[in-house]
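Small disclaimer: the values here were computed from a predicted structure and weren't measured. Here is how names work: the chains are called A, B, and so on, in the same order as the sequence lines, proteins then strands, and each is numbered from 1.
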Amino acid sequence: MLTPEFPTDPAKAFALQRRLAQQVRLEPCPKRVRRIAGCDAALSPDGQEVVGVAVLLDFPDLTVLHHEVRRARLEMPYVPGLLSFREGPALLAAIRALPETPDLLMVDGAGIAHPRRLGIAAHLGVLLDLPSVGAAKSRLCGKDVQPGPLRGESAPLVDRGELVGCILRTRDGVKPLYVSPGHRCDISGAAYWVLACGKGLRLPEPTRWADRLAGEAKRAMGADPHSEDE
DNA sequence: GCGACAG
DNA sequence: ATCTTGTCGC
């Protein structure tokens, strides 16, 4: 089950990122959002597959309405900057399987705060032409600057002289998140949505649920590499 | 050439 | 990502 959408050859992946990065549109984030999809992935117990999860939450309730899980074989080793070519296939399938098209995607990973300005959040946003936000737990690029200690405080994330996102404190005194817009969104909007989706915990609800559900799906696999097909 | 490096 | 128990703090 090959995925021409995500080339396995690093050279082709780099070229594709540079091409898709030109399609990213930085603009004001939508204000009328009713449905948000949280996305995250985990590795199968045998490490041969990726388990992608897309959780649909409503806004502003932040209630979980639905979630989809999709698996995809790993064809490429992890290479910083090429994460979307590993998790992309499974996440894309999970998002497409949702009963409703979300108004916004919130992904565990980078948006444009990426060496070629196409982190997984931006990549998925462009492929689906949906507004997206990247909320990473650690830094991929840019200068690491510590924001104020209180929830809501932030510091600009600058990479090679370019403002690509912000380092946002989502919880008092806790390690900040590296937030950057994906597609059809901007830096302030990305930070706004991450905070608006937060309940005082470090991770915003969409990503927090996706992370938890991916972990459950992983455990449910136990030592059974496979049990069915699509 | 030497580090840094989402998940 | 993943390997992993208890422990400090609100």
Which part of the nucleic acid, if any, lies within contact of Ala113(A), taking any heavy atom under 4.0 Å across all strands shown: a base, the sugar-phosphate backbone alone, or nothing?
nothing

Consider the side chain of Arg86(A), meaning its heavy atoms from C-beta on, and name the nucleotide among dA1(C), dA6(B), dG7(B) that approaches it most closely.
dG7(B)

OP1 or OP2 of dG7(B) less than 4.0 angstrom from a side-chain nitrogen or oxygen of Ser138(A), does that happen here?
yes

Taking any heavy-atom pair under 4.0 Å as a contact, classify Leu74(A): base, sugar-phosphate, or nothing.
nothing

Out of dA1(C), dC5(B), dA6(B), which nucleotide sits closest to the side chain of Arg139(A)?
dC5(B)

Is Arg169(A) salt-bridged to Glu153(A), cutoff N-O under 4.0 Å?
no

Sequence neighbours excluded, every pair satisfying disulfide bond (SG atoms under 2.5 Å apart) that has a member inside residues 161-196 of chain A
Cys29(A)-Cys185(A)

Whole-Å distance separating the CG atom of Leu91(A) from the C1' atom of dA6(B)
13 Å

Using a cut-off of 4.0 Å on non-hydrogen atoms, how would the nucleic acid contact of Ala110(A) be classed: base, sugar-phosphate, or nothing?
base

Between dA4(B), dT2(C), dG7(B), spot the one nearest the side chain of Lys137(A), thanks.
dG7(B)

One should read off an interatomic distance between Arg19(A) CZ and Gln23(A) CD, to the nearest 0.5 angstrom, of 6.5 Å

If I take atom CZ in residue Arg219(A) and atom P in nucleotide dT4(C), what distance separates them, rounded to the nearest angstrom?
14 Å

Nearest-nucleotide pick for Pro80(A), side chain only, options being dT2(C), dG7(B), dC5(B):
dC5(B)

Rounded to whole Å, please give me the gap between OH in Tyr78(A) and P in dT2(C).
13 Å

Starting at atom CG of Leu118(A), determine the distance to atom P of dA6(B), rounded to an integer number of angstrom.
16 Å

Salt bridge or not between Arg208(A) and Glu205(A)? Use side-chain N to carboxylate O under 4.0 Å.
yes

Between Glu49(A) and Arg73(A), does any side-chain N to carboxylate O distance fall below 4.0 Å?
no

Quick check for you: among dT2(C), dG7(B), dA6(B), whose closest atom lies nearest to any side-chain atom of His114(A)?
dA6(B)

Between Tyr178(A) and dA6(B), is there a contact of a side-chain N or O with OP1 or OP2 at under 4.0 Å?
no

Please give, in whole Å, the distance from dA1(C) P to Asp46(A) CG?
17 Å

Identify whether the distance between the nearest side-chain nitrogen and carboxylate oxygen of Asp159(A) and Arg117(A) falls below 4.0 Å.
yes

For atom CE of Met221(A) and atom C1' of dT2(C), their distance in whole Å
14 Å

Atom CZ of Arg202(A) to atom P of dG9(C): distance rounded to whole Å?
20 Å

Any carboxylate oxygen within less than 4.0 angstrom of a Lys/Arg side-chain nitrogen, looking at Arg34(A) and Asp58(A)?
no

What contact category does Leu83(A) fall into here, base, sugar-phosphate, or nothing, at under 4.0 angstrom with non-hydrogen atoms?
base

Counting the atoms with a prime plus P, OP1 and OP2 as sugar-phosphate, which does Gly47(A) contact under 4.0 Å by heavy atoms, base, sugar-phosphate, or nothing?
nothing

What is the separation between atom CG on Asp211(A) and atom P on dA1(C), rounded to the nearest whole Å?
6 Å

Could you spell out the base pairing of DNA chain B as a dot-bracket line? Use Watson-Crick and G-U wobble contacts where both distances are under 3.5 Å, [ ] for crossing pairs, | for partners on a different strand.
.......

Base, sugar-phosphate alone, or nothing: which one does Lys143(A) contact when heavy atoms must sit under 4.0 Å apart?
nothing

Quick check on Lys143(A): does its NZ atom have over 12 non-hydrogen neighbours (other residues, nucleotides or ligands) under 6.0 Å away?
no

